[in-house]
Amino acid sequence: MASIRRTLSPAYHDRTYQNGAAAAAAAATSSPLSLSSSSSQKIFTKHSSSTFFNFNAFQKFLASIFLQKRQRFRGSFYRCLIFFILGFFLGMFLFGHVDNDVQNHDFSFEMKPPHVNVQLDDNDNHSIKHKRDDFAVSLGVVDQNRFDYIPKKQLIVITPTYNRALQAYYLNRLGQVLRLVQPPLLWIVVEMKTASLETAEMLRRTGVMYRHLVCDKNLSNVKDRGVYQRNAAFEHIERHRLDGIVYFADDDNVYSIDLFESLRETSRFGTWPVAMLAQSKNKAILEGPVCNGTQVIGWHTNEKSKRLRRFHVDMSGFAFNSTIFWDPKRWRRPSSNSIRQLDTVKEGFQETTFIEQVVEDESQMEGVPPGCSRVLNWHLHLDAQGLVYPTGWLFQKNLDVIIPIQ
């Protein structure tokens, strides 16, 4: 009987298998009946090996990416570190003198809160000056000289007025002057009985901070009208505790801007000479203090009838601190009675009787400006008497006499 021997190809002896593939291959070669199972096993083995190869390739790809990023990060970090160390030593050795320059200057970055310095005046032990430093923010190298902000004192201007032909002209002129004065300024305008719409409209147009008051006092004499109106303003200041320098500015007087700026230097009571037109309108007189610096040493006067007065000054020739009304302890007033103008004294003595309630003598006064060598306002007495003015200061029809144009 003839026998058939199958020899294996020499290529299969050198092949190695993994994960039990050798046993499966041996079974497939030893049994001729397992052809189909052997073919399916080869297909599965081929698919497994290809999937495993793809996974290994993906892992190698990711590893190469992360390795490159890590190497780049390390290289950048080392370069930055080298440059930082190099710049640090260059700055220390080459620019070390900057520290000395900064120490020699006032280098600061600070915000200073406002504070108040209270000082006593040399001439008046009871007068207090307030000085306030503004917020100071200094950036970089600044100079030693700092700018201090000193708040200006408020001016309280009292103007009594009444309906007459030239009222609109006078109030508008005074309002335009006050408009040029640096704030803060408060204009108190006082009328009798009722507040006229014309005056209220004019005050709104001036652009000056104002208060429109009414004095409802019954008049027994028209000459006392200004006394009651000023007293109404005093009551308003005392009730609301207004702080500032009080000045009587009649609407028919003439004022300079320098006068109002000089008033802010007043501590307790300031006075100055006033140029006046005599009642006869034929001569000019000067009335007010004679000063040695800021010290009052005498008085100018030209009318014999007024030489009996204690203080020879016009109503528009002095100003005083408003706290005298509502803070008597600060000024050590002997009496806490209200300070008011008196309607029981003769005409021409209103000023001196009022000043006697405010100060004791000339030592408590200040000459404005120093030396009292300038005339800062004029009292002219030019009011028109008996003239008819239109209601609302508006003409409803033509005047009686019309001159036609030739």
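Hydrogens, waters and symmetry mates are skipped; everything else that's a heavy atom, side chains included, is used.
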Look at the aromatic rings of F320 and F234 and report parallel, tilted or perpendicular, splitting at 30° and 60°.
perpendicular
Worksheet item: Just by modelled atom types, is the G348 backbone N or O under 3.5 Å from a matching donor or acceptor in the R309 side chain?
Response: yes
- K217 side-chain N/O to V227 backbone N/O, donor-acceptor pair under 3.5 Å: no
Task: L174 vs R179 side-chain heavy atoms within contact, under 4.5 Å - done: no
- Item | D258/S256 under side-chain hydrogen bond (donor to acceptor under 3.5 Å, both in side chains): CA gap, chis, key distance, verdict | CA-CA 5 Å; D258 296 336; S256 65; 5.2 Å; no
Interatomic distance, OG@S338 vs CG@N231, rounded to 0.5 Å, equals 10.0 Å
Separation between NZ (K329) and CG (D327), nearest 0.5 Å, reads 8.5 Å
- Message: Closer than 3.5 angstrom, by distance alone: can the side chain of T301 be matched with the main-chain N or O of H312 as a donor-acceptor pair?
- Response: no
Between M209 and L185 the two heavy atoms that sit nearest each other are CE-O, 3.3 Å
Can you check whether E362 reaches I297 side chain to side chain, under 4.5 Å on heavy atoms?
no
Should F248 and R230 count as side-chain neighbours, where that means a heavy-atom distance under 4.5 Å? yes
Between the side chains of E265 and K152, is the shortest nitrogen-to-carboxylate-oxygen separation below 4.0 Å, so that they form an ion pair? no
Going by atom types only, do N377 and W272 share a side-chain donor-acceptor pair under 3.5 Å? yes
Checklist entry - Does any N or O in the side chain of E366 come within less than 3.5 Å of the main-chain N or O of Q295, such that one atom is a donor and the other an acceptor? => result no
Between H300 and P289, the two heavy atoms sitting closest are CD2-O, 3.5 Å
Margin query: What I want to check is whether the side chains of S196 and E191 have a donor and an acceptor closer together than 3.5 Å.
Written below: yes
Closest non-hydrogen contact found for M276 with D314 is CE-OD1, 3.7 Å
Test item: L155 and Y247 side chains (from C-beta on) under 4.5 Å apart, heavy atoms
no
- Task: Using the ring of Y162 (Phe, Tyr or Trp, six-membered ring only), decide whether R164 places NZ or CZ under 6.0 Å from its centre and within 45 degrees of its axis.
- Result: yes
- Task: Would you mind reporting whether D361 and R310 have side-chain heavy atoms less than 4.5 Å apart?
- Result: yes
* Asked: So does L197 have more than 12 non-hydrogen atoms from other groups sitting under 6.0 Å from CG?
  -> no
- Would you please say whether a donor-acceptor pair under 3.5 Å links the side chains of N321 and T323? yes
*asked:* Quick test of your reading of the model: are E238 and R241 salt-bridged, counting only N-O distances below 4.0 Å?
replied: no
So CZ of R211 and CD1 of I156: to nearest 0.5 Å the spacing works out to 8.5 Å
- [ ] Check the side chains of Q167 and T161 for a donor-acceptor pair under 3.5 angstrom, ignoring hydrogens and angles.
- [x] yes
Exercise for the section: Could you tell me whether a side-chain N or O of Q341 sits under 3.5 Å from a main-chain N or O of Q350, the two making a donor and an acceptor? Expected result: no
Value for CG (L178) from OH (Y210), rounded to nearest 0.5 Å, stands at 14.0 Å
Residues T159 and A249: closest non-hydrogen pair is OG1-O, 2.7 Å
Can you find a heavy atom in the side chain of V157 that is under 4.5 Å from one in the side chain of I188?
-> no
Notebook entry, point to check: Is the side chain of T352 donor-acceptor paired with the backbone N or O of F311 at a distance under 3.5 Å, no angle test?
Noted result: yes
Notebook entry, point to check: Side-chain donor-acceptor pair under 3.5 Å between E287 and W299, yes or no?
Noted result: no
Legend entry - Backbone N/O of A168 and side chain of N172: donor-acceptor pair under 3.5 Å: yes
Check your understanding: Any sub-3.5 Å donor-acceptor pair from T271's side-chain atoms to G317's backbone N or O?
Key -> yes
Do L219 and R225 have side chains that approach each other closer than 4.5 Å (heavy atoms only, starting at C-beta)? yes
Report the C-alpha distance between F354 and F349 in whole Å, list the side-chain angles of each, state the deciding distance to 0.1 Å, and finish with yes or no for side chain to side chain contact (heavy atoms under 4.5 Å, CB included).
-> CA-CA 9 Å; F354 175 78; F349 287 80; over 6 Å; no
### Query
Would a 4.5 Å heavy-atom cut-off, applied to side chains only, mark L376 and P369 as touching?
yes
dist C372:SG -> L286:CG (nearest 0.5 Å) comes out at 10.0 Å
Keeping the roles fixed (side chain from Q154, backbone from D243), state whether a donor-acceptor pair exists under 3.5 Å. yes
Tightest non-hydrogen contact, residues F269 and V358, listed as CD1-CG1, 4.0 Å
Output for pair (H379 NE2, N253 CG), nearest 0.5 Å, gives 4.5 Å
In terms of heavy-atom contacts, L242 and S322 come closest through O-OG, 2.6 Å
Once you measure the plane-to-plane angle for H240 and H236, does it fall in the parallel (<30°), tilted (30-60°) or perpendicular (>60°) bin?
tilted
query: Can R333 and I339 be said to form a side chain to side chain contact (heavy atoms under 4.5 Å, CB included), step by step?
result: CA-CA 11 Å; R333 284 173 47 200; I339 299 176; 3.7 Å; yes
| query | Salt-bridged, R173 to D251, with N to O below 4.0 Å? | reply | no
Just by distance, with hydrogens left out, do N218 and K193 show a side-chain donor and acceptor under 3.5 Å apart?
yes
Review point. Taking T206 for the side chain and G175 for the main chain, is one N or O donor matched with an acceptor at less than 3.5 Å?
Key: no
